[in-house]
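As the structure lists them, so they are numbered: ligands from 1, and atoms in each ligand from 1.
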Amino acid sequence: MTVQKALISGASIAGLSTAFWLSKAGWEVTVIERASTFRDGGQNVDVRGIAREVLQMMGLEDQVRNQTTTEEGTAFVNEKGQTVGAFPVEDSDGLTAELEILRGDLARIVLEALPAQVQVRYGDWIEHIVDHQEHVEIDLHSGKTEIYDLLIIAEGVRSRTRDKVFGDRVSRRELGLNIAYGTIERQAGDDRWWRWYTATGGRQISLRPDNQGTIRAMLAFKDRDRNLAAIPSEQARTELSKVFAGAGWEDSRVIDGFATSQDVYFDYLTQIMMSTWSEGRVCVTGDAAWCVTPIGGGGSSLALIGGYILAAFLSQPESNEAGGIPICLNKYEQWMRPIIDKAQHLPPGAPNFFYPQTKIGVGTMQTFIRIASFGPFRKLAARIGHVARTQQQLPDIRLVQTTT
Ligand SMILES: Cc1cc2nc3c(=O)[nH]c(=O)nc-3n(C[C@H](O)[C@H](O)[C@H](O)COP(=O)(O)OP(=O)(O)OC[C@H]3O[C@@H](n4cnc5c(N)ncnc54)[C@H](O)[C@@H]3O)c2cc1C
């Protein structure tokens with residue numbers, strides 16, 4: 001069998017986990033990343049459902065456990081900071097999952113676990129692709145032209161290469177939600193809970209502990225007519241402070257903190273739906289293929305799972321036969337589709353119910369949370385976090401190198 005070559009574009013959770021498994025399966029793997037160095041940063045992501053199994057098979061579960069954010073649960077609070085309903089970590093996939101980790105830490109763990117022969121190149125990206133049936137020819141921004149057996153696009157929700165290849169087969173579902181994430185100073189009254197406050201006007205403020213002695217804050221609001229991710233960051237911060245003026249609870253602390261925070265990041269939540277995830281020798285994975293958004297939940301878990309599933313089908317001898325790669329890509333898609341469809345299906349009333357406009361709406365939501373946080377209901381409510389679960393067996397992967 002000839003050794004096959006893959007180019008993976010995007011070095012975050014999806015791209016790196018695919019590189020890990022594909023290399024272990026004997027492929028020659030190159031990863032390119034548009035950013036000039038490894039992209040750290042981001043807030044909590046979680047490893048849920050069968051992604052935990054994948055992580056165990058990668059031999060990385062202990063490392064993730066050692067770097068969790070140590071959050072003890074999720075508490076919904078009122079304007080005075082009093083708890084309305086609390087959901088401690090008692091279900092591995094509850095609102096706070098058992099394995100909560102900063103995105104940058106998870107990405108670094110996978111990066112450092114890559115087999116030595118995987119090449120990771122920063123500061124480069126794809127300009128042009130020609131899919132000759134027997135190989136794919138790629139022109140890179142750096143001026144090189146390279147030939148691969150397969151191109152895997154793992155560039156996240158706003159992937160340009162995906163749009164070039166798949167054009168109008170990519171559809172977007174905008175949820176009308178703006179979220180600003182940032183790191184602020186920890187204060188004496190902060191505990192180890194994720195505290196979540198809902199104000200009128202479709203606004204939310206949340207504070208989460210991390211393992212670095214700081215607090216990860218989030219300001220979210222619902223407004224279909226405003227997209228802060230599309231305007232310059234300084235202007236977005238000014239708009240944000242206007243939107244949150246008078247919201248209550250810790251509004252001024254977070255607004256003041258974001259004014260000097262180095263890592264404020266704006267997102268306008270958008271789900272990605274594609275009629276197909278592959279064409280010839282090009283395929284997509286992770287958020288680029290199926291972004292579920294934090295409302296659907298489990299984006300990083302699905303990226304970890306996707307990397308394994310893609311590599312598992314490509315590890316079969318069939319991929320080395322004439323016309324074999326598209327068959328393997330089709331199997332990957334068939335396996336992943338049901339789990340993605342489920343994750344993209346938002347819970348009833350979401351997101352509107354959770355972003356009430358009026359005092360009555362906030363009161364109704366608080367009553368709902370109070371009831372949901374009682375014993376048996378709590379277990380039921382925790383099921384909102386049950387993403388990345390499936391009855392399907394993980395397919396076997398044929399490894400040429402064992403995992404540690
Ligand atoms: C810096 C950062 C911070 C994040 N913070 C959070 C967070 O706080 N909460 C949350 O829920 N999710 C966050 N996410 C998204 C989260 O990582 C994903 O939802 C999930 O892990 C799936 O990952 P992915 O690898 O598919 O996509 P992403 O994590 O979005 O990674 C895509 C990668 O592709 C690279 N890329 C983009 N375009 C190109 C190109 N043309 N050529 C080459 N490389 C390209 C990007 O630089 C990035 O490294 C963040 C992502 C990033 C990159």
Side-chain angles (χ1 to χ4, degrees), residues 7-20 30-48 51 69 97 100-111 120-129 138-142 151-165 177 179-183 194 206 208 210 216-220 229 261-272 274 277 283-307 310 336 340 343-344 387-388:
L7 177 69
I8 299 176
S9 181
S12 182
I13 315 292
L16 294 173
S17 62
T18 308
F20 176 96
T30 303
V31 182
I32 53 167
E33 162 62 47
R34 193 181 175 95
S36 54
T37 53
F38 167 71
R39 283 192 80 179
D40 205 343
Q43 304 208 341
N44 294 49
V45 295
D46 37 40
V47 183
R48 293 175 183 267
T69 57
E100 293 275 350
I101 181 165
L102 296 178
R103 188 213 67 94
D105 288 346
L106 179 59
R108 190 181 302 97
I109 288 172
V110 182
L111 176 74
V120 184
R121 304 197 311 235
Y122 292 95
D124 206 358
W125 58 89
I126 294 168
E127 294 286 3
H128 190 64
I129 302 162
I138 294 166
D139 293 336
L140 295 164
H141 181 75
S142 54
L151 166 64
I152 300 169
I153 301 167
E155 297 174 359
V157 60
R158 289 177 227 295
S159 167
R160 291 190 203 163
T161 314
R162 170 203 62 204
D163 291 350
K164 268 188 206 159
V165 177
L177 280 174
I179 302 192
Y181 300 97
T183 307
W194 179 10
S206 92
R208 306 188 83 163
D210 64 19
R216 306 286 160 153
M218 181 192 83
L219 297 177
S261 174
Q262 297 301 307
D263 66 350
V264 179
Y265 165 80
F266 292 89
D267 195 8
Y268 187 67
L269 302 198
T270 307
Q271 290 190 332
I272 296 294
M274 295 181 66
W277 291 334
C283 77
V284 280
T285 192
D287 277 8
W290 57 62
C291 180
V292 293
T293 77
I295 303 289
S300 295
S301 296
L302 295 168
L304 281 173
I305 298 165
L310 182 52
M336 287 299 293
I340 297 300
Q344 289 193 324
V387 291

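Checked by distance only, ligand 1 and Asp124 stay at 3.5 Å or farther apart across all their nitrogen or oxygen atoms. Of the polar atoms of Ile126, none of the N or O atoms is found under 3.5 Å from an N or O of ligand 1, judged by distance alone. At under 3.5 Å, a nitrogen or oxygen of Arg39, whether backbone or side chain, sits near a nitrogen or oxygen of ligand 1. Looking at ligand 1, you won't find any N or O of Tyr265 less than 3.5 Å from one of its N or O atoms.
Remark: side-chain polar atoms of Ser301 are paired, donor with acceptor, to backbone N or O of Arg48 under 3.5 angstrom. At least one donor-acceptor pair under 3.5 Å links the side chain of Arg162 to the backbone N or O of Ala288.
The atoms of ligand 1 that sit less than 4.0 Å from any heavy atom of Gly286 are 26 (O). Taking a cut-off of under 4.0 Å to the non-hydrogen atoms of Ala154, the atoms of ligand 1 that pass are 32 (C), 33 (C), 34 (O). Close approach of ligand 1 to Ser9 (heavy-atom distance below 4.0 Å) involves ligand atoms 42 (N), 43 (C). Atoms of ligand 1 lying under 4.0 Å from any heavy atom of Trp125, numbered from 1 in the order shown and given with element: 42 (N). Close contacts between ligand 1 and Asp40 involve ligand atoms 1 (C) [criterion: under 4.0 Å to a heavy atom].
The distance from the OG1 atom of Thr270 to the CG atom of Asp287 is 10.5 Å, given to the nearest 0.5 Å.
When Arg160, Glu155, Met218 are ranked by how near their heavy atoms come to atom 32 (C) of ligand 1, first place goes to Glu155. For atom 52 (C) of ligand 1, the choice among Arg121, His141, Arg103 with the nearest heavy atom turns out to be Arg103.
No side-chain N or O of Thr285 forms a donor-acceptor pair with one of Trp277 less than 3.5 Å apart.
Scanning the protein heavy atoms around atom 8 (O) of ligand 1, the nearest turns out to be Gln43 N, 2.7 Å. Atom 48 (C) of ligand 1 has its closest protein heavy atom at Glu33 OE1, 3.6 Å.
Within a 6.0 Å sphere centred on CZ of Arg121, other residues, nucleotides and ligands contribute more than 12 heavy atoms.
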